[in-house]
A.B. asks: 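Take this structure first; my questions come after.
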Amino acid sequence: MNYKIMMRMWSWILIIEIGLMVPSFIIAIATRDQMAVIGFVGAMVIAAAIAFVFFAGSNRCRMNFYAKEGMIVTAFAWILLSIIGALPFYLSGRIPGFVNSLFEIVSGFTTTGASVVSDVEALGKGLLFWRSFSHWIGGMGVLVFFLAIIPSAHKGEGYSLHLLRAESPGPSVNKMVPRMRDTATVLYRIYVILTAINILLLLLARMKPFDAFCIAFGTAGTGGFSVLNSGCAEYTPLAQWITTVFMLLFGINFSVYYMIAHRRFREVAKGEEFRLYALIVLGSIVFITANLIRFGADGSMGKTLRDASFQVASIITTTGYSTVDFNLWPDFSKAILAVLMFVGACAGSTGGGIKVSRILILMKSARRNLHNVFHPEEIRTVRIDGERVSEKTIQHVQAYLALYVFILIISFLLISLDPKEFSMTTNFTAVMATFNNIGPGFDAVGPMANFAAYGSFSKLIMCVDMLLGRLEIYPILTMFAYSTYKKA
């Protein structure tokens with residue numbers, strides 16, 4: 001195990017986090033928020049001290065780096081980022097208790113959007129900006145950002161590949177361009193351009209500049225932290241439609257945008273994951289709209305369609321914004337949203353959930369297995385976009401699903417031990433909302449409520465769930481597995 005190169009990377013990542021805190025720190029100074037300034041200064045000083053220790057301990061590090069190190073670097077980096085990122089909330093005193101502060105920032109970095117804050121507007125603009133900016137940082141991934149900007153990254157294409165694969169969502173990560181560092185740069189370029197367009201359109205829709213930046217950060221990272229206590233309900237219909245469209249755009253595999261930029265339209269058109277994603281979205285909007293109208297929706301046809309579209313986009317992309325209290329919707333509409341919580345967005349997007357690509361592989365694999373029951377001698381392969389899916393990939397997806405269900409069940413049982421004794425619906429959807437990086441659940445953790453009432457133990461369990469969901473389970477499990485550190 002090459003601990004020195006891992007420590008060197010952690011030192012760089014902490015330095016990056018300090019730099020990423022600067023805009024929020026400047027806003028806190030500009031708004032004369034002394035407590036927030038104290039929080040940011042304390043966090044940056046502590047981060048700098050830890051970075052110095054890591055850097056000093058990594059002198060003369062060797063560059064050899066393997067998949068195991070990639071998993072550990074990624075998992076511990078996210079834990080470290082979360083601990084340091086929680087300090088501005090905790091040291092400023094705006095969020096009481098370190099566990100609450102940790103929950104809030106883990107929810108931010110993992111783009112979950114679940115909150116323990118009842119009055120978000122009371123946080124102050126500096127902390128609100130940091131809270132929303134954490135979505136944007138975590139959406140594409142800080143290690144992808146590391147690969148895109150650190151000059152030394154080109155010396156080790158091997159660790160570039162391992163880091164990108166450990167942090168990126170989906171069954172696999174392929175190179176868009178020959179070098180992985182260039183792939184990371186391409187991903188961030190697409191990410192920045194889409195975010196900038198989103199901000200511009202929100203400004204044109206008469207949204208306040210501060211709100212436009214924060215909402216766009218949450219949309220890009222498919223997060224969900226709002227800067228208003230009312231969520232997104234107060235924004236204009238045009239702003240809500242813009243947010244709906246961009247939530248769906250950020251739920252698409254980023255390789256689609258790369259292919260569009262290079263005029264590979266045929267490849268985009270034949271993409272089965274994209275077609276299934278679009279079909280699920282459109283079908284869900286139609287069924288929910290019809291169901292709401294049938295049961296006497298409160299508002300015009302246009303508003304009903306807008307609310308249904310917004311919530312479908314918000315849930316399937318695991319963004320978590322809300323314009324209405326969907327807790328009050330008919331059971332059929334809520335059931336559709338619950339299913340979308342599991343499905344999630346596309347692989348290679350900033351969304352969470354199981355991912356449409358995995359659903360597609362599981363469906364095709366099940367169809368093949370059913371066919372083999374009646375035709376055992378026939379050999380059939382699973383194909384996606386005309387390309388054969390390896391048996392190793394299918395096994396990996398099946399193993400992921402088994403782990404997914406196991407973690408969901410264990411987390412649900414542990415959360416159910418909370419002394420507050422919430423309803424089964426509340427506990428189960430709280431786990432779903434955090435593990436799938438969605439944000440709101442149903443009942444007592446619905447879109448108009450929060451997670452503050454849970455005890456510290458339950459919040460820590462949900463913090464682990466958020467990290468497991470964002471990093472696709474394996475990096476966190478690898479870091480805590482005894483076999484990882486056992487010498488061969």
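It should be emphasised that the depicted structure is a prediction, and the values quoted were computed from it without experimental measurement. In what follows, residues are counted from 1 in the order of the sequence shown.
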A.B. asks: Is the Phe422 to Tyr454 ring centre distance short of 6.0 Å?
C.D. replies: yes
A.B. asks: Aromatic contact between Tyr404 and Phe435, with the criterion being ring centroids under 6.0 Å apart: yes or no?
C.D. replies: yes
A.B. asks: Are the aromatic rings of Tyr257 and Phe254 close, with centres under 6.0 Å apart?
C.D. replies: yes
A.B. asks: Examine distances only and state if a side-chain atom of Arg275 and a backbone atom of Ala269 form a donor-acceptor pair shorter than 3.5 Å.
C.D. replies: yes
A.B. asks: Find out whether Asn427 and Phe412 are in side-chain contact, i.e. whether some heavy atom of one side chain is under 4.5 Å from a heavy atom of the other.
C.D. replies: yes
A.B. asks: Answer whether the closest heavy-atom distance between the side chains of Leu460 and Val464 falls below 4.5 Å.
C.D. replies: no
A.B. asks: How far does CD1 of Ile407 sit from CD1 of Ile473, to the nearest 0.5 angstrom?
C.D. replies: 4.0 Å
A.B. asks: Would you give the length of the straight line joining atom CG of Asn436 to atom CD1 of Ile354, rounded to the nearest 0.5 angstrom?
C.D. replies: 7.0 Å
A.B. asks: Look up atom CG in Leu468 and atom OG1 in Thr110, then write down how far apart they are to the nearest 0.5 Å.
C.D. replies: 10.5 Å
A.B. asks: A side-chain contact here means heavy atoms from C-beta on lying under 4.5 Å apart; do Phe295 and Ser333 qualify?
C.D. replies: no
A.B. asks: For Gly320 and Ser314, work out which heavy atoms get closest and say how close.
C.D. replies: N-OG, 2.9 Å
A.B. asks: Apply the side chain to side chain contact (heavy atoms under 4.5 Å, CB included) test between Tyr277 and each candidate in Val343, Leu360, Val256, Val356; give the one that qualifies.
C.D. replies: Val356
A.B. asks: What distance separates Arg380 CZ from Asn369 CG, expressed to the nearest 0.5 Å?
C.D. replies: 11.0 Å
A.B. asks: For residues 241-248, which side-chain N or O atoms pair as donor and acceptor with protein atoms under 3.5 Å away, sequence neighbours left out?
C.D. replies:
from: Thr243; atom 1: OG1; to: Ala239; atom 2: O; distance (Å): 2.9
from: Thr244; atom 1: OG1; to: Gln240; atom 2: O; distance (Å): 2.8

A.B. asks: Would you please name every residue forming a salt bridge (Lys or Arg N to Asp or Glu O under 4.0 Å) with Lys303, sequence neighbours left out?
C.D. replies: Asp307
A.B. asks: Using modelled atom types and a 3.5 Å cut-off, is there a donor and acceptor pairing between side-chain atoms of Asp385 and backbone atoms of Glu387?
C.D. replies: no
A.B. asks: For the residue pair Glu104 / Ser115, report whether a side-chain donor-acceptor contact shorter than 3.5 Å exists.
C.D. replies: yes
A.B. asks: Can you classify the ring geometry of Trp136 versus Tyr188 as parallel (below 30°), tilted (30 to 60°) or perpendicular (above 60°)?
C.D. replies: perpendicular
A.B. asks: Tell me whether the rings of Phe250 and Tyr191 are parallel (<30°), tilted (30 to 60°) or perpendicular (>60°).
C.D. replies: perpendicular
A.B. asks: For residues His396 and Tyr400, establish whether the separation of their ring centroids is below 6.0 Å.
C.D. replies: no
A.B. asks: Does a side-chain heavy-atom distance below 4.5 Å link Arg131 with Val120?
C.D. replies: yes
A.B. asks: For Gly351, is there any backbone N or O sitting under 3.5 Å from a side-chain donor or acceptor partner on Ser349?
C.D. replies: yes
A.B. asks: So, the side chain of Thr350 versus the backbone of Ala220: is there a donor-acceptor pair under 3.5 Å, distance only?
C.D. replies: yes
A.B. asks: Do you know the tightest heavy-atom contact between Phe103 and Cys463?
C.D. replies: CA-SG, 3.5 Å
A.B. asks: So which atom in Val312 and which in Leu340 form the shortest heavy-atom distance, rounded to 0.1 Å?
C.D. replies: CG1-CD1, 3.9 Å
A.B. asks: Can you tell me how far OG of Ser416 sits from CE of Met424, rounded to the nearest 0.5 angstrom?
C.D. replies: 7.0 Å
A.B. asks: To the nearest 0.5 Å, what is the distance between CD1 (Ile252) and CD1 (Ile260)?
C.D. replies: 7.5 Å
A.B. asks: Tyr258 side chain to Ile190 main-chain N or O, any donor-acceptor pair under 3.5 Å?
C.D. replies: no
A.B. asks: Please work out which of the three classes, parallel, tilted or perpendicular, describes the rings of Phe428 and Phe342, given edges at 30° and 60°.
C.D. replies: tilted
